[in-house]
Amino acid sequence: MEFATIYWQDERVYLIDQTLLPNNEKIISTNDYHELAEWIKELKVRGAPAIGVAGALGMALAAIYSSANSKDELFDELVKARGVLSSTRPTAVNLFWALDKIWSEIMHLRDEEMFRIRLGVVTKALSIWQEDRMICMRIGKHAATLFNDGDTVLTHCNAGSLATVMYGTALSGIYEAVSQGKKISVYADETRPLLQGARLTSWELNKSGVPVTVICDNMAASLMAKGKINKVIVGADRIANNGDVANKIGTLSVAINAKYFGIDFYVAAPMSTFDFNIIEGSMIPIEERDRSEVAMFNGIKIVPDDVPVYNPAFDVTPAKLVTAWISEKGIAMKVKDIRNWR
Ligand code: MRU
């Protein structure tokens, strides 16, 4: 897809409201970082790289619209904005990566005049936005080499254009392979509870002319058993130093099934998703979300009020189930190769 999921125009942040897809393609905009933070929590903008970009652009809003009359007041506002934005979603490390990059820029400019600091934050945020597109394109070039003409590929959640500024991570490889003339068809897991696969992955692949079929999450093993899937590719929200991968809940089941049936399981992510400070996947913070996401379906209650619900948004797939990791730096077949990317 050749349009940006999130962008900066006339000193406002614009994004496509992903909670309304596929029924309503609505672009919304804000000049208030508090509102943007709420939108990140509500998944109007989602997917690890897009969350990072949203965080950076949120800092740009804070810098521009701060009513500070002194540098001290401006710094106070920026510290507050960083706190508000960083408390939106805990698992996607891209958010903290982007906020840290903005913060380094602020520190670098701390002795400059106020307008230079404001300008520096906006410029850095826009460079993170631009870099995301380039990185996703490079991931796609590498990942495409893993796909052959005729492949049928399973993906889980949405690691496409909608999860980044443009192109995606896991789906970038599919877009690139298709543009090279390879015939690829995709099965998209619906991805309970919020249906990113059914609502978003199918929407964007279909819009781009890539054949896609949606299946319920619990159908994947059966399709694998019938030989209908010959590769799996997913994105990631955080990858630990040992190669363990945190991604949308349900990814672990897909990886276990793929291993059982001898199907390659690939993970595509930018370097900003690799967290070398986290020794292993069990240490990755996992977001838990509201019970209503599981207990309600289509506005109808499907779980009795007095029955508890557990709703972790992500799970961790051990490195031993991953065939290869793909980043803008290339393809790593072994965990030690990832560490060489540092
Ligand atoms: O809760 P979400 O929709 O933000 O979760 C998104 C995922 O799990 C994606 O697979 C991941 O962020 C990869 S994005 C390229």
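When reading the values below, keep in mind they use all heavy atoms of this one structure, side chains included, and skip hydrogens, waters and symmetry mates. We count ligands from 1, going down the list as the structure has it; atoms in each ligand are counted the same way. For clarity, every value in this text was computed on a predicted model and none was experimentally measured.
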Working for side chain to side chain donor-acceptor pair (under 3.5 Å), residues R238 and T91: CA-CA 7 Å; R238 200 183 291 228; T91 305; over 6 Å; no
Student check: side-chain heavy atoms of V122 and L126 closer than 4.5 Å: yes
Full working for side chain to side chain contact (heavy atoms under 4.5 Å, CB included) between I184 and D149: CA-CA 6 Å; I184 311 278; D149 195 28; over 6 Å; no
Anything under 3.5 Å between an N or O on ligand 1 and a protein N or O? List each pair with its distance, or write none.
{"from": "ligand 1", "atom 1": "1 (O)", "to": "R89", "atom 2": "NH1", "distance (Å)": "3.4"}
{"from": "ligand 1", "atom 1": "1 (O)", "to": "R89", "atom 2": "NH2", "distance (Å)": "2.8"}
{"from": "ligand 1", "atom 1": "1 (O)", "to": "K248", "atom 2": "NZ", "distance (Å)": "2.7"}
{"from": "ligand 1", "atom 1": "3 (O)", "to": "R46", "atom 2": "NE", "distance (Å)": "2.6"}
{"from": "ligand 1", "atom 1": "3 (O)", "to": "R46", "atom 2": "NH2", "distance (Å)": "3.4"}
{"from": "ligand 1", "atom 1": "3 (O)", "to": "Q196", "atom 2": "NE2", "distance (Å)": "2.9"}
{"from": "ligand 1", "atom 1": "4 (O)", "to": "G47", "atom 2": "N", "distance (Å)": "3.0"}
{"from": "ligand 1", "atom 1": "4 (O)", "to": "R89", "atom 2": "NH1", "distance (Å)": "2.7"}
{"from": "ligand 1", "atom 1": "8 (O)", "to": "D237", "atom 2": "OD1", "distance (Å)": "2.9"}
{"from": "ligand 1", "atom 1": "8 (O)", "to": "N247", "atom 2": "OD1", "distance (Å)": "3.2"}
{"from": "ligand 1", "atom 1": "8 (O)", "to": "K248", "atom 2": "N", "distance (Å)": "3.2"}
{"from": "ligand 1", "atom 1": "10 (O)", "to": "N247", "atom 2": "OD1", "distance (Å)": "2.7"}
{"from": "ligand 1", "atom 1": "12 (O)", "to": "A48", "atom 2": "N", "distance (Å)": "2.9"}
{"from": "ligand 1", "atom 1": "12 (O)", "to": "D237", "atom 2": "OD1", "distance (Å)": "2.9"}
{"from": "ligand 1", "atom 1": "12 (O)", "to": "D237", "atom 2": "OD2", "distance (Å)": "3.2"}

Atom pair CG/CE of D132 and M166 - distance to nearest 0.5 Å: 10.0 Å
Euclidean distance, L154 CG relative to Y187 OH, rounded to 0.5 Å: 10.0 Å
Ring centres under 6.0 angstrom apart (Y7, W129): no
